[in-house]
Each structure stands twice: as structure tokens, then as C-alpha cells.
Amino acid sequence: MMQTDLTRSLLLIAPELIVALAALVALTGAMLMKRSRGREAFYIGIMGMLGAIAATVILYERLTLSTAFHGMIAIDPFGLFFRLIAYVSILYVLLMTMCSREMKDTQGKWELVAILSGFGIGMSMMASSTNLLMIYLSMELLSVMSYLLVSYRRGARRSKEAGLKYIIYGSIASAFMLYGMSMLYGIAHSLGLSAILTAFMDHSYSHITVYVATLFVLAGFGFKIVMVPMHMWAPDVYEGAPTPITTLLAVASKAAGFAVVLRFFYTAYISAVSMTNYYVNVSPVRWLLLIAVIAAFTMTIGNIVAIPQNNIKRMLAYSSIAHAGYMLIGLSVISKEAVSAILLYLTVYFFMNLGAFFIVMIVDNSLYSEDIDRYSGLSRMSPGLSAAMTVFLFSLTGIPPFAGFIGKVVVFIAAIDKGLYWLVIVAVINTVVSLYYYARVIKKMYLETPPEGVRPIKVGVLPALIIISLLVPTILFGIWWAPLQSFAHFSSFMY
Amino acid sequence: MYPFIEQYVWLVPLLPLLGAAVNLLAGSRLPRHAVSTIAVGSISASFVLTVIAYLHIVSLPADHRQFIDTAYTWIGLGGFKVGLSFLVDPLSVVMGMIVSGVSSVIHLYSVGYMHDDRRYSRYFGFLNLFAFAMLLLVLSDSILLMFVGWEGVGLCSYLLIGFWFEKIENARAGMKAFVVNRIGDFGFIVGFLLLFTAIGIRTGTWSLDFGAIQSAVGLVPTAVLTTVGIMLFVGATGKSAQIPLYVWLPDAMAGPTPVSALIHAATMVTAGVYMVARMNFLYALAPDALRVIAIVGALTAFFAATIGLVQNDIKRVLAYSTVSQLGYMFIGVGVGAFSAGIFHLMTHAFFKALLFLGSGSVIHAMSGEQDIRKMGGLSKKLPITTATFVIASLAIMGVPGFAGFFSKDDILYNAYTSPYGGTFVWLLGVLAAVLTGFYMTRLVVLTFYGSSRMDPHTAEHVHESPKTMTIPLIVLAILSAIGGYIGMPEAFGVRNVFAGFLGPVFASGVRLPEGSVPLEWALMGVSVLAAFSGIGLAYYFYAVDTELPAALAEKYNTAFRPAYTGMYVDEFYSKYIVGGVMGLKDLLALFDSHIIDGAVNGTARLGRRLSDFEGAFDRIVVDGAVNAVGNGIVSAGGVLRRLQTGLVQNYLIFAIIGMAILLSFVLL
Amino acid sequence: MSMDASAVHALFFYFFAAMTIVSALLVVLLRNIVRSAFSLFFTLFGVAGVYILLGADFVGVAQVLIYIGGVMILIVFGVMLTHNSYSVDMFNRLGTLVMGTVSAIVTFTIVYYSIRQVPWLLSGYKANVPTTQPIGVQLLTNYLLPFELASVLLVFAMVGAAYLIRSEVRPGKERAGGSERKDA
Amino acid sequence: MTILPITLTDYLILSGALFSIGVFGVLTRKNAIAVLMGVELMLNAANINLVAFSKFTGPGVDGQVFALFSIVIAAAEVAVALAIVISIYRVTRTIDLDKEDTLKG
């Protein structure tokens with residue numbers, strides 16, 4: 001009995017086992033191979049990720065809702081969705097790293113693959129955890145790997161500074177979270193998330209205590225999703241980290257944060273009214289209002305501070321803060337639609353943000369600069385890159401018919417559906433504000449003349465293919481997004 | 001008959017879009033005949049499909065003449081729905097036929113007219129795009145999609161008016177059209193968003209489909225509906241060139257003549273009228289909005305006609321006449337006689353397209369000359385142009401038997417009897433009819449008859465236009481002559497086929513009083529009299545006693561130089577009628593020069609890229625965003641940015657303070 | 001449980017608590033980082049004592065072995081390797097000091113109030129029994145996955161840390177290359 | 001003077017105090033390693049909570065297991081943090097957090 005249960009559980013984490021295997025191979029490579037050789041490491045990483053993606057898809061197909069490892073993780077569409085996002089984003093980051101000039105002279109490519117694998121395992125476990133200990137542990141795995149990745153460029157001042165700030169901020173945030181978790185443990189007498197719900201329903205706790213515990217826990221989660229007031233590390237770290245890693249933080253790490261925060265609230269604070277599709281908040285605190293206020297601040301601050309930025313990575317960092325704000329709108333109402341709206345937004349955001357960062361990296365490879373001013377006349381240096389960048393930026397703004405628009409619409413509708421009009425109005429105004437700084441880049445690319453003596457930017461086959469693979473969904477999902485919606489809807493199911 | 005069309009309505013706008021895509025993307029590499037074949041072919045195919053839709057609709061019983069073709073549901077979330085669905089009912093099918101039919105003719109005409117232009121393929125691409133946007137506007141089943149078409153025609157008009165952007169005035173005219181339309185569109189957006197929220201809050205259905213709006217509009221309070229109606233009409237004054245936003249239309253003459261014909265006859269300016277007619281169920285519940293529309297329409301009809309009296313540019317005369325005739329249409333829809341308004345829209349499409357194409361033929365023959373003081377006696381050299389032009393003039397003047405007579409009469413009758421109209425509206429309409437008779441006669445006489453005032457060099461080159469240009473003229477002339485008979489008034493003892501066909505669309509609209517035959521005859525008599533008095537007066541001044549105006553002028557001001565016979569009337573009018581009577585015009589001119597030109601100048605600081613699209617993007621989107629966002633936000637960004645000191649411990653302090661504030665906020 | 005035992009328990013508690021708090025204060029207040037590090041040593045010992053008082057013998061031992069045996073050594077090594085940091089001023093400027101003090105007081109107030117507010121549901125007094133065996137069983141049954149995950153974390157963290165401090169690349173070469181505009 | 005029995009609350013207050021001292025440390029110390037020591041104080045405070053709750057509430061040893069894991073993770077975190085500190089020290093010859101402010105704005 002015991003043994004079969006373990007076998008079953010191991011099958012359910014097959015993608016992680018595949019990734020771990022790839023990581024082990026990479027570690028062996030790190031020990032055996034010459035340090036100058038590293039391309040093979042990427043192939044191993046890519047194969048590992050492809051295997052994990054395949055395994056995740058197979059799990060999706062044969063899905064039976066269950067928990068594994070004695071209720072430590074849930075196997076459900078929600079978790080699988082984020083596991084998929086984890087491995088796909090790491091796949092892209094590996095490909096990006098292969099194209100990156102910054103990472104070219106970095107020696108530890110084998111270790112890099114191993115650390116990225118660790119990141120993937122952490123993220124996938126984060127999305128599946130139904131236990132406070134698991135959440136803490138997987139989040140730490142993800143965080144520690146992120147710290148290493150951010151400071152990965154040896155000798156590079158910016159990368160190191162970013163890494164130091166990141167680990168200091170991150171470990172303090174997680175200390176707060178741990179403290180909050182310990183209080184929740186005191187309330188629930190158990191580490192399972194569902195025990196918290198039971199405790200809330202059975203006893204009345206002082207709302208101050210629950211608020212403090214929630215806020216402390218939220219400090220850790222909010223650090224990952226970059227929400228105000230835990231957002232200030234992000235611009236510095238995003239700017240200083242190597243661009244592929246910045247992308248990983250902006251896309252995967254944020255998605256992981258949303259996965260865990262959604263799972264946390266929907267399992268521990270929210271109960272479905274039996275036999276209906278209607279949810280109620282059973283905790284003694286009005287955290288929905290709290291999140292709504294945070295969402296408003298997050299998007300506003302992100303957008304406003306993005307305006308005066310001169311470094312495009314920094315600008316995109318603020319923009320990603322703003323996007324976290326838009327997604328938090330979905331968290332400030334409770335409904336199945338809201339969850340699926342966030343998932344849809346994350347998917348869409350994945351493509352457009354990855355695309356924007358990728359182009360930033362390609363431009364940096366050639367121009368050795370991340371200054372927005374250097375984008376002057378980019379359309380003359382590379383019409384293709386400029387056109388793709390324009391699509392990504394318009395999509396980030398939320399202009400139809402690009403996918404970003406759909407993401408915003410579903411989130412806004414989920415909020416309107418619950419009568420949260422003021423927040424939607426704030427969000428719409430913010431969208432208008434955001435047009436300013438996105439359009440500034442487009443304006444530079446198309447309307448300003450490049451400095452004398454620039455040569456056309458050559459884009460290789462691999463980068464071009466990567467850009468196209470991101471461009472197609474960004475446009476396609478803007479026009480034909482019903483499949484995406486049904487996928488998100490299906491994936492919003494939590495065990 | 002032809003039920004298959006119910007699934008293929010989306011092809012109607014799609015075909016011109018495809019044509020535009022091919023011509024804009026690859027047109028410069030295609031031979032010219034391929035470009036024109038694609039352009040004319042695609043729009044003609046749309047016309048054929050629209051006719052098939054019409055035949056299908058007619059074969060259905062009168063109460064079921066409506067179907068919706070949902071090509072694609074873009075967003076369908078709970079009560080919120082946005083998609084590509086097309087509504088075919090008598091109103092949209094009539095509009096569709098007018099738009100695609102007249103557009104086809106104009107496309108064909110352009111083949112000859114634009115033959116030597118450098119940007120041939122781009123021109124046809126824009127023309128197709130224009131037709132696409134207008135067909136989208138007309139056939140859409142929701143205000144949102146209609147708005148897409150609405151913006152589309154605005155954009156295309158900007159592109160086409162400024163088509164010859166090498167000349168700075170042309171570029172300016174395009175810009176002006178764009179800016180003025182933006183002002184109107186702002187009203188439109190406010191209107192439909194207000195409606196959207198008002199309905200959504202009350203019903204939980206967040207839809208902008210006409211069907212959904214119609215079924216929910218009864219729940220919305222009248223005050224809201226009136227505001228919505230007026231805001232939507234503000235949009236219509238922009239698109240359909242009504243007071244005070246008419247100022248862009250006369251300047252829009254800068255574009256190629258077929259474009260003027262397209263804008264004035266088939267697309268763009270009719271959009272406002274169509275929109276009001278389409279929203280008839282809303283306006284039926286907002287009578288005050290209707291009164292506003294009728295009065296604005298009547299004032300526009302009258303004032304534009306007076307301005308038309310003194311214009312010397314052949315196209316400007318026609319431009320003001322369009323503004324005036326659009327005023328008539330708004331009188332029609334404003335007094336609740338929606339089918340009369342649409343009827344006039346249709347007949348006007350025929351004769352105004354004809355007039356513009358005819359004037360294009362004249363300009364073509366005169367090697368670009370547009371001043372009627374330098375024409376005269378063209379009838380012998382341009383027989384087909386003259387004949388068709390005269391037919392069109394008779395139609396617009398409302399001479400009995402021609403198309404314009406029936407439609408104008410229908411409007412004036414309803415203006416008199418409708419509870420939303422009244423004597424004032426009617427009287428302005430009749431006065432405008434007198435003026436129409438006058439300025440059109442003046443135009444015809446000065447252009448085609450009398451002695452030639454051309455300079456000899458031009459006179460040598462005058463020749464009739466090629467067949468691709470004359471055939472469209474003849475087709476339109478036939479329509480202008482007989483097109484009115486489908487809407488003969490009931491006083492003639494026949495059924496009004498046109499009104500009967502459109503009837504079901506407006507069934508829930510405004511109830512108008514029953515007609516009385518003697519009254520109708522009497523009013524008809526008055527309007528005929530009005531038309532003929534205008535014609536007679538002009539004929540006397542410009543053809544019979546050409547000295548009289550001179551004498552009159554001399555009596556009042558001897559400083560006039562006796563340059564050309566008949567010109568004294570213009571001076572007289574501009575001095576004593578237009579200049580004297582119409583303080584309002586000055587006011588409007590003030591509005592034009594200060595607000596509109598100010599806006600144009602303000603947005604159009606850099607002249608170099610004035611016309612190409614990138615320049616417009618820069619100014620409208622980027623600078624506009626800067627201004628809208630305001631310096632406040634930008635400086636707020638600077639202040640908040642200074643908090644980002646780069647010191648990680650400061651960030652932590654901010655996080656803790658922020659959390660403490662959040663805690664106190666939720667606990668208090 | 002007799003009154004005496006309770007009093008003894010209380011005395012032990014106050015002893016360890018005082019040791020923890022005082023040495024913790026020294027950790028954050030001392031100007032010399034080496035002394036700070038040794039104060040931390042005492043704090044961690046105090047906390048281990050509290051664990052033992054709470055009947056968590058295994059955790060207490062782990063605290064001693066891992067924290068004092070591992071973490072402290074690491075920290076001391078860190079201090080040694082960045083040797084000139086003795087001379088660095090330990091404290092920030094005054095503004096930060098004030099804000100830090102305020103933040104700490106605010107945090108304590110918040111935590112204190114939330115502790116006092118709750119009617120914690122107590123399950124009665126549990127006798128101190130050896131916990132090594134139950135914890136071992138738990139780790140191999142319920143907590144098998146976290147156990148594995150923690151080992152993954154440890155392995156990768158060590159690999160990464162080792163990579164970061166390995167210095168086989170000539171530092172000058174990497175610093176010279178690239179576009180590090182902001183490099184000092 | 002009688003000595004009151006030690007209750008859960010006493011342990012919690014001890015941990016709260018330790019936590020706040022840690023907060024003070026991480027916010028005010030300039031030396032990166034000193035900041036890390038502050039973090040350790042905060043983590044220890046949380047661990048005291050976990051073990052205390054494990055003792056006074058509910059069955060099982062969940063809290064103790066959690067504390068155990070937290071200790072292990074803290075070790076890993078410290079190792080990585082020190083690696084970063086040392087590698088930045090190699091580049092800049094300082095571990096003064098006030099000097100780490102080139103990324104800002």
C-alpha cells in the first residue's frame with residue numbers, strides 16, 4: 001500500500017524528476033568537462049525542459065485530481081498550468097542565454113543549467129503546494145536559485161550589486177513570511193492550507209492577528225509578484241541582472257508568485273458555497289479590499305515611475321510592476337472567472353514581455369546599450385526588430401487587436417462582474433498613462449534619426465525564430481483567443 | 001431567395017479590405033491595370049453581394065426582413081459580448097447598396113481620372129480601405145464595430161484628402177479633417193460609453209449590440225438617453241459636417257476629385273445620418289435630442305446655402321451644397337421622419353456623386369482650373385458632362401420629376417407636420433431651397449453657358465473625358481433622373497415603396513401624425529415655387545440681364561471693377577447678405593480660425609512630416625498623450641523616482657512603512 | 001506538575017530569554033563585526049535552550065549542530081575573507097537609524113498586539129517526550145517530498161555558491177569586456 | 001514573589017522581541033554580513049514560534065519539523081549570501097551597503 005502510493009506520487013512528479021535528471025547530468029558535466037566548453041550544457045538543459053514539458057502535457061491528458069506525497073502537493077490543472085509555464089519559460093531562457101552576448105564569456109554554463117533546473121523544480125512545486133512548509137521550501141528553492149542567477153556574471157559590478165540587493169531583500173521578505181506562517185500554524189494547528197480554512201470556520205480569531213499574519217505572509221508572496229510596497233527591489237535587480245535572467249524574474253518568478261498567492265487564498269481563505277460556483281471569504285479579515293488597494297497602488301506607481309526612465313530594462317521593470325497591479329485586480333475579487341482571468345493574463349504577459357526583453361537583449365548585443373535613446377532610428381537599422389518590438393509594446397499597453405488587450409479585458413470584466421468599478425477606472429486611466437512610455441520607445445524607433453555611421457543590426461536564425469515564436473501568439477491570441485480562454489478556464493481548477 | 005447570403009455577409013466588407021491589402025502591400029510591384037482591376041473588382045463584387053442580400057431580404061415576409069451574420073465572436077464573457085456580427089435589415093441593405101454601388105462607380109471613374117498619378121496603387125488601396133470602413137460602419141451589428149468603421153473612415157479621409165501632400169495646403173486640409181473629426185469622435189465615444197454603462201448597470205448585459213440596446217433602452221432614464229443622443233449627435237456633426245464642425249468639409253476639396261465625390265456622396269458624411277437613423281429606437285425615447293438635431297440641421301441647411309452663393313471654386317460651391325443638403329437629411333431624421341432622411345441620403349448620393357464627378361470632368365478638361373469665373377461656354381465642348389451635370393442640378397434643386405424633388409419634399413412636409421419640427425424648421429428648409437436653386441443655376445450658367453472666359457491656352461486643350469469617366473456619369477445621371485420614383489409621396493395616390501420597405505426598421509421609432517393630402521399638395525407647391533424662384537432669379541441675373549448686377553453694384557459701391565459679368569451679384573451678396581446678415585457665420589469663422597485652426601496649428605507644429613502617417617502618430621498619439629497625462633504625472637514620476645535611492649535598506653523601510661499603513665488602513 | 005517544577009521551568013526560561021535578547025541586542029548594536037558574530041553565537045545558544053525547554057530536543061540539537069557548527073563558521077569565514085570590513089562604519093546615517101528604530105518598534109507593537117489579541121486554542125500541556133523518533137518517521141513518510149526538496153536546494157545552493165566564489169578566471173579580463181558602463 | 005508559570009504567550013513575546021531586534025539590525029547595519037546576522041535573528045524568532053506552537057497546540061511535531069527545515073534552509077541561504085558578498089567584495093573591495101547604490105532611479 002505504502003509502496004504503491006509512493007510510486008504513484010513519483011509518477012505525478014515525473015516532470016520534476018526529468019528536470020532533476022537533466023540537472024544531475026549537467027552537474028556531472030560541470031565536474032568532467034572543460035570549462036570553456038558549454039554549449040552541450042544548453043542542449044542537455046533544453047532536452048530536459050522538452051522532456052518535462054512533454055511529461056506535463058501527458059499528465060494534463062491523464063489527469064485525475066489528487067494529492068501526492070501525503071497531501072503535500074495537489075495534482076490539478078492549476079498546478080500543471082504553472083508547471084508548464086515554468087518549463088516553457090526556462091526553455092526560452094536557455095535559448096535566450098545561447099543568444100546573449102553578456103552571458104557568452106560566462107564560464108559556468110553547466111552550473112547555470114543545473115541552477116535553472118532547480119529554479120524550475122522550485123517553481124513547479126510552488127504552484128502545487130498545499131502545505132505551508134512546502135510553500136516555504138519551494139519558494140526558498142526558487143529564491144536561492146534566483147539570487148545565484150542574478151549575480152551570475154562574474155566580475156560584473158552591476159550583476160553583483162543586483163544579486164546582493166536581491167538576496168538581502170529576499171531573505172528579509174522570506175523571514176517575514178516565515179513569521180507569518182508560524183502564526184498561521186498557531187491558528188490552524190497544522191501546516192496544511194485546508195486546516196487554516198477549517199480553523200477560520202470553526203473558531204473566531206481576532207482579525208488583528210489574522211491581518212498581521214496575512215500581511216506578513218503576503219510580504220513574502222508580494223516580494224515575488226512585485227507588488228507595492230514590496231516592489232522597490234525589482235527595478236534595481238532587473239536592471240542589473242543579465243537580460244535572460246531579468247526575463248526569468250519578470251515572467252516565471254512573477255507567475256510563481258501568483259500561483260502561490262492564488263493557491264494560498266483560494267485554499268485557506270475562501271470557501272466555495274456548496275453546489276454553486278460562488279465563493280465566499282471565510283477569514284475574519286477583509287483581505288479583498290486590502291488587495292484592491294494594493295492593486296491600485298501597484299499599477300499607479302509602476303506606471304508613473306516608468307515614465308522618467310532612460311534605461312529600457314528599468315522601464316520594463318516598472319512596467320512589469322504595473323502589470324502585476326493589473327493582475328492583482330483579478331485577485332481582489334473572488335470568482336472562478338477571476339482566477340482564469342489571471343491565468344490568461346499571465347499567459348499573454350508571458351509572450352509579450354518575453355518578446356520585449358528578448359529584443360532588448362538582441363539590441364544590446366549589437367549596440368552595447370540599454371539606453372532608450374539608443375533606440376533612435378532603430379527602424380532603419382532593423383525594420384524587423386522594430387516592428388516586432390512595436391507589436392510587443394502595443395500589446396503591453398493593451399491596444400487591440402494584440403493579446404495584451406484581451407488580457408486586460410478579461411481581468412477588468414471579472415472585476416466589473418463583482419461591482420469593483422473604481423478599480424477598473426483606475427486601471428483604465430493607468431492604461432492610458434502607460435501608453436506614454438511605451439509609445440516613447442516606438443517614437444524613438446520610427447521617428448528619430450539614428451546617429452551617424454550605424455550599421456544594420458543582423459539578427460541570426462535562432463533569435464529570429466524565437467522572436468517569431470513569441471510574436472505569433474501575441475498577435476494570434478489577440479484575434480483568436482477562445483482556445484486560450486478555455487485553456488485558462490480549465491486550468492483555473494484547484495483541487 | 002439566396003439564403004446562402006446569410007452566412008456570407010462578412011464578405012461584403014472583407015473584399016474591399018483584401019483589395020486594399022493587396023494594393024497597399026504589393027501594389028507598387030503590380031502593373032496598373034492589375035491594380036485597378038483588383039480595386040474596381042473587389043468593390044463591385046461587394047456591390048453584387050449587397051444586391052443579393054437585398055433580393056434575399058425582399059423575398060422574406062415584411063416583418064422578418066432581418067438577419068444577423070455572426071462571423072466571429074471575439075470576446076464573449078458572461079454578459080459582455082464583442083464580435084464581428086453583421087446586421088442586414090432594410091436600412092443597412094439600402095445603405096450598403098448606396099455605399100458599394102456609388103463607390104463602384106467612383107472607383108471606375110478614378111481609373112481614368114488618376115491615370116497619370118505617381119501613387120496610383122496607393123490611391124486605390126486607400127479608396128478600397130475607405131469603402132471597407134464605410135461598409136463596416138453600415139453593416140455592423142454593434143456600436144463598437146460601427147465605431148471601428150467610424151474611425152476608419154476618418155482615418156481614410158485624412159489619408160485621401162492629404163493624398164497630394166506635397167502641397168502644404170492639402171496636407172493642412174487633411175490634418176484639419178482629422179482634428180475636427182477627433183473632436184466629434186470624442187462626443188461619440190462619450191455617448192456610447194455612457195450608454196454602455198447605463199445599460200450594463202441596469203441589466204447586467206454588457207453589450208453594444210443594437211438588438212441588446214434596443215431591448216434595454218427602455219430601462220434607462222430619459223435624461224441619460226437625451227445626453228447619450230446629443231453626445232452621439234456631436235459625433236455626427238463631425239462626420240456629417242454640421243454646425244459647428246462643418247469647417248473641414250469645404251477644405252477637404254484639396255483631395256483628388258473622385259475622393260471628394262466619395263466623401264460627399266457615398267461615404268463619410270452620410271455616416272452621421274445613418275447613425276441617427278440606426279439609433280432611432282433611442283431617439284424615439286429622447287425627443288429633446290431629436291429637436292436639437294432638427295434645429296441644427298435646419299440652421300446648417302440654410303447657412304451653408306448662403307455661403308454657397310458666393311463661392312467661385314466649382315468644388316467649393318458643391319461642398320457647401322453638400323453641407324446644406326446634409327442639413328436637410330438631419331431635418332428629416334431630426335423630426336422623426338427617418339425614412340425620409342435616408343431617402344434624401346440616397347438621392348443625394350446619386351446626384352452629388354454625379355455633380356462631383358462632372359466637376360472632375362470639367363477640371364480634367366480645363367487642365368486643373370477650378371475657378372468658375374474662368375470658365376463659361378463649356379457645353380459645346382463637353383456635351384456629355386454638360387447634359388449629366390444639368391440633370392444632377394435639376395435633381396438637387398428639386399425640380400419636379402427629378403430625384404431630389406421627391407426626397408426634399410418628403411422632408412419638408414414632415415418638417416412642417418411633425419411634433420419635433422414646426423414652422424421655423426420648415427421655413428429655413430424652404431429658404432434653403434430658394435438658395436439652392438440660385439447657386440446651382442449660377443454654377444451651371446457660369447460654367448457651361450454664356451461666352452467663354454478661358455485663357456486661350458487652356459481653351460485649346462478642352463476635350464471630353466475618356467469612357468471610364470463618362471460611363472459613370474451617364475449611370476449616375478439616369479439614377480438622378482428616375483431614382484426618386486421609388487419614394488413617391490402618397491399624395492400622388494401611390495404607395496411609398498421606399499418608406500414601406502424601411503418601415504419595419506423604424507417601427508419602434510417615432511409616431512408621426514397621419515398625413516393630410518391637401519396640406520401635402522400645398523406644401524409641395526410652396527417648395528416648387530421656392531425652387532423656381534431661386535432658379536429664375538439666378539437665371540435673370542446671370543443669363544438674361546447681366547448688366548443689372550453691375551448696375552446694382554455700382555449704385556452701392558463704385559469701386560467694383562467690372563471684371564466679369566455677373567460677378568457683381570457675388571459682391572453684392574457677400575457685402576449685404578452674407579457679410580451683413582450672418583453674424584453667425586463670423587462666429588463660426590471665429591470658431592474655425594481660433595479653435596480648429598488653433599488646434600491644427602497646435603498639433604501641427606512641424607511642417608516637414610505634416611502629412612505622412614508617422615508624423616501624425618507622433619503628434620496625435622505621443623504629444624497628445626503627453627498633454628493628456630499632464631506634466632503632473634510626469635513630475636510625480638520624478639518625485640517617486642527619487643525615493644528609489646539604490647539603497648536596499650531604504651527599500652525595506654518603505655516596505656515596512658507601507659505595510660504598517662496598509663494595516664492601519666484596513667483596521668480603521 | 002508541581003509548583004516547583006513550574007518555577008524551575010520559569011527560571012530556566014527567563015535565563016535563556018535574557019541570554020537570547022541581550023546577546024541579540026549586542027549583535028545589532030556592537031560596532032565590531034567580529035564581536036557581533038560572537039554575540040550571535042550566544043543568541044543561537046539561547047534559542048537552542050528555549051527549544052530544549054519546549055521539549056524539542058532534536059531541533060535544539062540541530063540548532064547547535066547546524067547553526068553553531070555551520071552557519072556561524074560560515075559567517076566568521078565571511079568576516080575574515082572580507083577582512084577590511086572591520087574598518088567600515090557599522091551603522092548607517094542617522095536618518096536610517098531613526099527610521100530603523102521606528103520600524104522595529106512598530107513591528108514589535110504590531111506583533112505584540114496580535115499575540116495578545118488571539119484566544120490561542122491550547123491543547124493542554126504536553127509532556128516532554130523524545131522527539132527524535134517521531135521526527136525521523138515524519139521525515140520519511142509525510143515529509144518525504146520536503147525532505148527531498150531541501151536536499152535539492154542544498155545541493156544546488158552549494159554548487160552555485162561554489163561557482164560564485166571560484167576565481168579561476170582572471171578577474172581583469174571579464175571586467176574589461178562588455179558594456180559595463182557603470183563599472184567602477 | 002511568586003513566579004508565574006510560563007505560558008505560550010511568553011514564548012511568543014520572546015520571539016516577537018527577537019524578531020524586532022532582527023528587524024532593527026537589518027535596517028540599520030551598513031555591513032552586509034551584519035545584515036545577514038540580523039536575518040538570522042528574524043528566522044530564529046520564527047522558529048521559536050513554530051516550536052512553541054508545536055508544543056502548546058495541536059497534535060504532532062509539524063512545527064518542529066518546519067523549524068528543522070527552516071534551519072537547514074537558513075544555512076543554504078547564508079552560504080549563497082556569503083558567496084555573493086565575497087564575490088562582490090572581489091570586485092569593489094567593500095561590503096558596505098551604502099556603496100551599493102549604482103542601480104537606482
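Lettering of chains follows the sequences in order, A, B, ..., and the numbering in each one begins at 1. Values in this document were obtained by computation on a predicted structure and should not be read as measured data.
- The shortest distance between side-chain heavy atoms of C:F147 and D:L68 does not fall below 4.5 Å.
- Contacts between C:L139 and chain D at a heavy-atom distance below 4.5 Å involve the side chain alone, from C-beta outward.
- Residues D:T28 and C:V28 fail the side-chain proximity criterion, which asks for heavy atoms closer than 4.5 Å.
- Ranked by non-hydrogen atom pairs under 4.5 Å with chain C, the options D:I84, D:N47, D:I73, D:V72 are led by D:N47.
- Of all heavy-atom pairs between C:A10 and D:I6, the closest is CA-CG1, 3.3 Å.
- In this structure, OG in D:S15 is found 5.5 Å from CD1 in C:I115, a value given to the nearest 0.5 Å.
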Go through the steps to decide whether D:L27 and C:M99 satisfy the test side-chain contact (heavy atoms from CB on, under 4.5 Å), and finish with yes or no. CA-CA 8 Å; D:L27 293 183; C:M99 290 312 289; over 6 Å; no
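- A distance of 5.0 Å separates CG in C:L164 from OG in D:S87, rounded to the nearest 0.5 Å.
- With a threshold of 4.5 angstrom between heavy atoms, D:V80 approaches chain C through its backbone and through its side chain.
- Taking the side chain as every heavy atom from C-beta outward, D:I48 and C:Y51 approach each other to under 4.5 Å.
- Shortest non-hydrogen contact noted between D:I71 and C:Q63 is CD1-OE1, 3.7 Å.
- C:Q138 and D:V61 get closest at one heavy-atom pair: CG-CG2, 3.8 Å.
- Summarising the geometry, atom CD1 belonging to C:I165 is positioned 14.5 Å from atom OH belonging to D:Y89; distances are rounded to the nearest 0.5 Å.
- Taking all atoms of both residues into account, the shortest heavy-atom contact from D:A76 to C:M158 is CA-CE, 4.1 Å.
- Neither the backbone nor the side chain of C:I110 comes within contact range of chain D; no heavy atoms are under 4.5 Å apart.
- Between chain C and the options D:V23, D:L41, D:V35, the largest number of non-hydrogen pairs under 4.5 Å is found for D:L41.
- Of the atoms belonging to C:T131, it is side-chain heavy atoms, and not backbone ones, that fall under 4.5 Å from chain D.
- The closest side-chain heavy-atom distance from C:Y112 to D:L12 is not below 4.5 Å.
- Of the atoms belonging to C:F108, heavy atoms from both backbone and side chain fall under 4.5 Å from chain D.
- Listed for the C:R116 side chain is no donor-acceptor partner under 3.5 Å among the backbone atoms of D:T9.
- Between D:Q64 and C:G55, the shortest heavy-atom distance links the atoms NE2-O, 4.2 Å.
- Annotation: the span from D:R29 atom CZ to C:S36 atom OG amounts to 4.0 Å, rounded to 0.5 Å.
- Atom CG of D:L36 and atom CG of C:L40 lie 10.5 Å apart (nearest 0.5 Å).
- Between D:N44 and C:Y67 there is a side-chain heavy-atom pair separated by less than 4.5 Å.
- Counting heavy atoms from C-beta outward, D:I86 and C:F77 have side chains that stay 4.5 Å or more apart.
- Within the model, atoms CZ of D:F24 and CD1 of C:I105 stand 9.0 Å from one another, a figure rounded to the nearest 0.5 Å.
- Using a 4.5 Å cut-off between heavy atoms, D:L8 touches chain C through its side chain atoms alone.
- When heavy atoms are compared at a cutoff of 4.5 Å, C:A162 does not approach chain D at all.
- Nearest heavy atom pair, residue C:L74 against residue D:L82, reads O-CD1, 3.2 Å.
- Residues D:K30 and C:T96 are not in side-chain contact: their nearest non-hydrogen atoms beyond the backbone lie 4.5 Å or more apart.
- A 4.5 Å side-chain heavy-atom check between D:E40 and C:T43 finds every atom pair outside the cut-off.
- Here the two rings, on D:Y11 and C:F13, have centers that are under 6.0 Å apart.
- The candidate with the highest count of non-hydrogen atom pairs below 4.5 Å against chain C, out of D:V85, D:V26, D:D10, D:D62, is D:D62.
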